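Below is one structure, written out as structure tokens; comments come after it.
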Amino acid sequence: MTHRADSVIVLDFETTGMSPHYGDRVIEVGAVRIEAGEIVDRFQGLMNPGIRINSFIEEFTGITNAMVAEAPPCEAVMSDLQLFVGDSAIVAHNSSFDRRFLQAEWRRLKLECENPFACSMLTARRIYSDAPNHKLGTLVAFNQLKNDGVFHRALADAEMTAHLWLHMLQQIERRFDVFDIRFSTMQKLAKVSKSSVSKFFAQLA
DNA sequence: TGCCAGGCCCTCTTTAGGGCCTT
């Protein structure tokens, strides 16, 4: 399976909680496709998880039980998401979280999730070691990236993550005078130890 | 109704513990 170096899906889920293993479900998905350094397509879907959303999540996301009651079931939206994502590489902020939910929801549909993942949070920890923290909202403010002030809604967070991802790519290219930073390079960057970052960047230049 | 996790990183580490990040 091959992936275009400049084509990735940036994904974000809102969910009923932290763990699909304990019955939590996805209630909203937002995804954008990046090609050639630009957002070229968007996918958004509110869905009915079939279980009650607790008050904390309602407050946290603004997504209420009344809203999802009118929405299609998870299975329908997740099936459409699979068509949107295809075999593209996927980026998410703290991707281990979104990957767990994507795998769990697709498993219900008997779909495999073999897409490669990269994590914008782990990459940002390497590049922005001087940031106050590495929450998505903090990194957007830290880099003065454009946003519409909406947080904890899936498409808004996916778009902010995409802007952060593109910003990190541009900064690496500019800083080290290299072009065509590939998805696999960003994956490796997120995994190298903090003490090895300088050596890693030296190999890029 | 309320509760529940997991992967990664760092360090005063590796026979571990605690913090960060996601909802």
Side-chain angles (χ1 to χ4, degrees), chain A residues 8-32 44-65 67-68 71 74 77-78 81 89-108 113 115-143 145 147 150-165 168 184 186-201:
Chain A
V8 299
I9 298 292
V10 183
L11 179 71
D12 186 75
F13 287 139
E14 305 304 320
T15 71
T16 62
M18 305 303 280
S19 175
H21 292 300
Y22 283 83
D24 287 319
R25 301 293 303 272
V26 174
I27 55 176
E28 188 180 47
V29 57
V32 300
Q44 181 178 29
L46 200 62
M47 62 198 92
N48 187 338
I51 58 175
R52 188 156 186 81
I53 302 171
N54 68 43
S55 57
F56 172 79
I57 296 295
E58 282 191 321
E59 181 74 20
F60 187 73
T61 65
I63 299 171
T64 65
N65 285 287
M67 291 165 66
V68 299
C74 292
V77 180
M78 282 296 167
L81 176 65
I90 297 173
V91 172
H93 202 67
N94 196 10
S95 65
S96 65
F97 175 87
D98 296 277
R99 180 169 52 186
R100 271 202 310 279
F101 276 95
L102 185 63
Q103 289 174 333
E105 294 291 349
W106 279 2
R107 197 175 297 126
R108 290 170 177 265
C113 178
N115 307 63
F117 269 78
C119 179
S120 56
M121 182 194 73
L122 294 178
T123 308
R125 279 181 178 171
R126 294 289 171 259
I127 297 176
Y128 307 123
S129 57
D130 54 341
N133 60 58
H134 297 90
K135 295 177 182 177
L136 179 59
T138 301
L139 291 167
V140 167
F142 185 73
N143 287 290
L145 301 177
N147 68 89
V150 177
F151 294 92
H152 306 304
R153 288 301 298 264
L155 186 59
D157 283 3
E159 296 222 24
M160 281 193 290
T161 302
H163 290 308
L164 174 64
W165 184 256
M168 290 193 293
S184 58
M186 297 292 268
Q187 279 185 307
K188 290 175 186 173
L189 174 58
K191 292 176 181 174
V192 296
S193 69
K194 189 176 182 179
S195 59
S196 300
V197 169
S198 296
K199 184 179 178 182
F200 180 83
F201 279 144

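Numbers restart at 1 for each chain; the letters A, B, ... are given by sequence-line order, proteins then strands. Keep in mind the model is a prediction, meaning the values are calculated, not measured.
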Q) When you check the phosphate oxygens OP1 and OP2 of dC10(B), does a side-chain N or O of R126(A) lie under 4.0 Å from one of them? A) yes
Q: Quote, to the nearest angstrom, the C1' distance that separates dT15(B) from dC21(B).
A: 28 Å
Q: For dT23(B) versus dG7(B), give the span between their C1' atoms, rounded off to a whole number of Å.
A: 16 Å
Q | Close residues, residues 90-101 of chain A, relative to DNA chain B [heavy-atom separation under 4.0 Å] | A | H93(A), N94(A), S96(A), F97(A), R100(A)
Q.
Using modelled atom types and a 3.5 Å cut-off, is there a donor and acceptor pairing between side-chain atoms of T138(A) and backbone atoms of H134(A)?
A. no
Q) How is T61(A) classified with respect to the nucleic acid when contacts are heavy atoms under 4.0 Å: base, sugar-phosphate, or nothing? A) sugar-phosphate
Q: Quote, to the nearest angstrom, the P distance that separates dG2(B) from dC9(B).
A: 36 Å
**Q.** Side-chain H-bond candidate by donor/acceptor type, S19(A) with D24(A), under 3.5 Å
**A.** no
Q: Mind checking I27(A) for me? I need base, sugar-phosphate or nothing, with any heavy atom below 4.0 Å counting as a touch.
A: nothing
Q) Can you tell me how far C1' of dT23(B) sits from CG of L102(A), to the nearest Å? A) 16 Å
Q: Determine which pairs satisfy salt bridge (charged side-chain N to carboxylate O under 4.0 Å, His left out) with at least one residue from residues 121-130 of chain A, sequence neighbours left out, and list them in order.
A: none
Q: Let me know the distance between CZ of R125(A) and C1' of dC8(B), rounded to the nearest Å.
A: 7 Å
Q | Nucleotide nearest E14(A) (side chain, heavy atoms from C-beta), chosen from dT22(B), dG6(B), dT23(B) | A | dT23(B)
**Q.** 5' priority, DNA chain B, between D12(A) and V192(A) [closest heavy atom]
**A.** V192(A)
Q. Base, sugar-phosphate, or nothing: which does M121(A) touch, judged by heavy atoms less than 4.0 Å apart?
A. sugar-phosphate
Q: Write down the distance separating the P atoms in dC3(B) and dC10(B), rounded off to the nearest Å.
A: 33 Å
Q | Short side-chain N/O contact from H134(A) to OP1 or OP2 of dC20(B), under 4.0 Å | A | no
Q: Using the C1' atom on both, measure dG17(B) against dC12(B) and round to a whole Å.
A: 11 Å
Q: Send over the distance from Y128(A) OH to dC9(B) P, rounded to a whole Å.
A: 18 Å
Q. Does the side chain of L81(A) come within less than 4.5 Å of L11(A)'s, by heavy atoms?
A. yes
Q: Using atom NZ of K191(A) as one end and atom P of dG7(B) as the other, report the distance to the nearest whole Å.
A: 13 Å
Q | Test ring-ring contact (aromatic ring centres under 6.0 Å, His included) applied to F56(A) - qualifying residues, sequence neighbours left out | A | F60(A)
Q: Starting from P on dT22(B), measure out to NE2 on H21(A) and report it in whole angstrom.
A: 20 Å
Q) Between the side chain of T123(A) and the main-chain N/O of C119(A), is any donor-acceptor distance below 3.5 Å? A) yes
Q. How close or far is atom P of dT1(B) from atom CD1 of I51(A), stated in whole angstroms?
A. 13 Å
Q) What integer distance in Å separates L136(A):CG from dC20(B):C1'? A) 14 Å
Q) Is a side-chain donor or acceptor of T161(A) paired with a backbone partner of A92(A) at a separation under 3.5 angstrom? A) no
Q) In whole Å, what separates the C1' atom of dT14(B) from that of dC8(B)? A) 16 Å
(Q) Can a donor-acceptor pair be found, under 3.5 Å and without considering hydrogens, that links the side chain of E105(A) to the backbone of V26(A)? (A) yes
Q) Between D24(A) (CG) and dT23(B) (P), how many Å, whole number? A) 13 Å
Q: Would you mind telling me which of dC8(B), dT23(B), dC21(B) lies closest to the side-chain atoms of N133(A)?
A: dC21(B)
